[in-house]
Amino acid sequence: MRPNEHTSFWLSYSGLFLALFFIFLLIFGALSAKLVFLQDGTKAINQAIEEDRKALLLEAYKLEKEQQTLLDFISEINATNELLASKISLSFLKLKEDSNETADLLSRKESEINQLKLSLSKLESKLNEARQKAIEPVPMVDQSATKANQNSLKIIANLKIRLKDTELSEKIDAKTGSLALSADEFFDGSALKNEDTLKSLIEPYFAVLLDPEIFERVLFITVAVPAPKDIDDGLLALERASALAGLIYAFKESAVFKDKLVFAPLSAQNEFLSFSFVPKP
């Protein structure tokens, strides 16, 4: 090989390697630039992902808070429902108890009214008996009075003597021996009032009538009870009579005179609560 040919050979190879070097350099530069662009894009993507993550976390927090609020609201509604159910149950039980009490009261009132009706029936029977006996001939004690009149006079005389120093002396009728009291003073509607005062007035009256010598002359004792002035209602008069009967039957001597005691409900035209007796004929 000639010297010129040898030099030309290595020059050709050096040029080739130089060209390859520049090519690899260009490729490296292009790859570096692309890598930089990819890194910038990845950073932007990561940043966007981070922002989206933060937004999602914020939304999740809001949803959790709203969910807790909703749960609290549901819990409050449940508590309110339980409270309402409890109140409704208590109201129902109270209403049932009141209904039972009302039914018991009506039953007692009906029983008392029936008892008063029975007393009225007995009164009518005894009045008819008294009228019948008044028609029949009776033994004459003297020329001016029958046996019934004598019994009546005897009872009235005892009432006057034994009650002359009490406040009842002016309230007792001198001719009939009846005791008249103001109904308004001792009744409020169908209920009794001033019971102690009423009891202190009628107990002495009954005490005289229950004297064995006097009591044997009494056919029966009547208690006339008027209805309220503003409400002329026979049922209210019966209720008043029932209330007064409860007071009188509480006397310790009531067992003695109970069979002779008759209550007579009156209309509102009568203003007085009166106690009287019918003598034996």
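Residue indices begin at 1 and follow the sequence shown. Below, each value reflects all heavy atoms present in this structure, side chains not excepted, and no hydrogens, waters or symmetry copies. This one's a predicted model, so the numbers in the text were calculated from it and none came from an experiment.
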message: Does Lys260 qualify as a cation-pi partner of Phe215, given the criterion of NZ or CZ under 6.0 Å from the six-membered ring centre and within 45 degrees of its axis?
response: yes
field: side chain to side chain donor-acceptor pair (under 3.5 Å) contacts touching residues 192-211 (sequence neighbours left out)
entry: Arg162-Asp211
task: Decide yes or no on side chain to side chain contact (heavy atoms under 4.5 Å, CB included) for Phe22 and Ile27, but give the supporting numbers first.
output: CA-CA 8 Å; Phe22 277 113; Ile27 292 172; over 6 Å; no
- prompt: From Ile248 CD1 over to Leu198 CG, what is the distance, rounded to the nearest 0.5 angstrom?
  reply: 7.5 Å
query: What residues, two or more places apart in sequence or in another chain, satisfy salt bridge (Lys or Arg N to Asp or Glu O under 4.0 Å) together with Lys160?
result: none
field: Pairs where residues 58-87 contributes a residue and the test salt bridge (Lys or Arg N to Asp or Glu O under 4.0 Å) is met, not counting sequence neighbours
entry: none
- prompt: By the rule that ILVMFWY residues connect when side-chain heavy atoms come within less than 4.5 angstrom, directly or transitively, which residues belong alongside Phe73?
  reply: Ile77
field: Student check: side-chain heavy atoms of Phe277 and Thr176 closer than 4.5 Å
entry: no
field: Cluster companions of Ile74 among Ile, Leu, Val, Met, Phe, Trp, Tyr (side-chain spacing under 4.5 Å)
entry: Leu70
query: What's the verdict on side chain to side chain contact (heavy atoms under 4.5 Å, CB included) for Ile221 and Phe206, showing C-alpha distance, side-chain angles and the deciding distance?
result: CA-CA 9 Å; Ile221 304 168; Phe206 274 86; 4.2 Å; yes
statement: For Pro204 and Leu163 the tightest heavy-atom approach is CB-CD2, 3.9 Å
- line: Value for CG (Leu26) from CZ (Phe21), rounded to nearest 0.5 Å, stands at 10.0 Å
message: Check this for me: does any side-chain nitrogen of one of Glu216 and Lys280 sit under 4.0 Å from a carboxylate oxygen of the other?
response: no
- prompt: Please walk me through it: do Phe220 and Leu261 pass side chain to side chain contact (heavy atoms under 4.5 Å, CB included)?
  reply: CA-CA 6 Å; Phe220 54 87; Leu261 189 64; over 6 Å; no
- request: Measure the CD-CG distance between Glu213 and Asn158 for me, rounded to the nearest 0.5 Å.
  value: 6.5 Å
query: Partners of Lys94 by side-chain hydrogen bond (donor to acceptor under 3.5 Å, both in side chains), sequence neighbours excluded?
result: Asp98
- request: Kindly indicate whether the side chain of Leu201, heavy atoms from C-beta on, has any atom under 4.5 Å from the side chain of Phe186.
  value: yes
field: Stepwise side chain to side chain contact (heavy atoms under 4.5 Å, CB included) test for Val223 and Val262
entry: CA-CA 6 Å; Val223 182; Val262 179; over 6 Å; no
task: Would you mind listing the cluster partners of Leu57? Hydrophobic ones only (ILVMFWY), side-chain contacts under 4.5 Å, chaining allowed.
output: none
- line: For Asn151, the side-chain hydrogen bond (donor to acceptor under 3.5 Å, both in side chains) test, sequence neighbours excluded, returns Arg217
- prompt: Hydrophobic clusters join Ile, Leu, Val, Met, Phe, Trp and Tyr when side-chain heavy atoms are under 4.5 Å apart, directly or via other members; which others share one with Tyr61?
  reply: none
- request: Quick one: list whatever passes side-chain hydrogen bond (donor to acceptor under 3.5 Å, both in side chains) with Asp52, sequence neighbours left out.
  value: none
query: Quick one: does Ser276's side chain get under 4.5 Å of Leu179's, heavy atoms only?
result: no
task: Spell out, yes or no, whether Ile172 and Phe272 are grouped together once hydrophobic residues are joined by side-chain heavy atoms under 4.5 Å, including indirect joins.
output: no
task: Output the distance between atom CG (Leu58) and atom CG (Leu63), rounded to the nearest 0.5 Å.
output: 9.5 Å
- prompt: Residues in salt bridge (Lys or Arg N to Asp or Glu O under 4.0 Å) with Glu50, at least two apart?
  reply: Arg53
- prompt: Going from CG on Asp184 to CG on Leu273, what distance comes out if it is rounded to the nearest 0.5 angstrom?
  reply: 10.5 Å
statement: Residues at least two apart in sequence or cross-chain that pass side-chain hydrogen bond (donor to acceptor under 3.5 Å, both in side chains) with Ser274, listed by chain then number, are none
Donor-acceptor contact present, side-chain Lys171 to main-chain Leu181, <3.5 Å: no
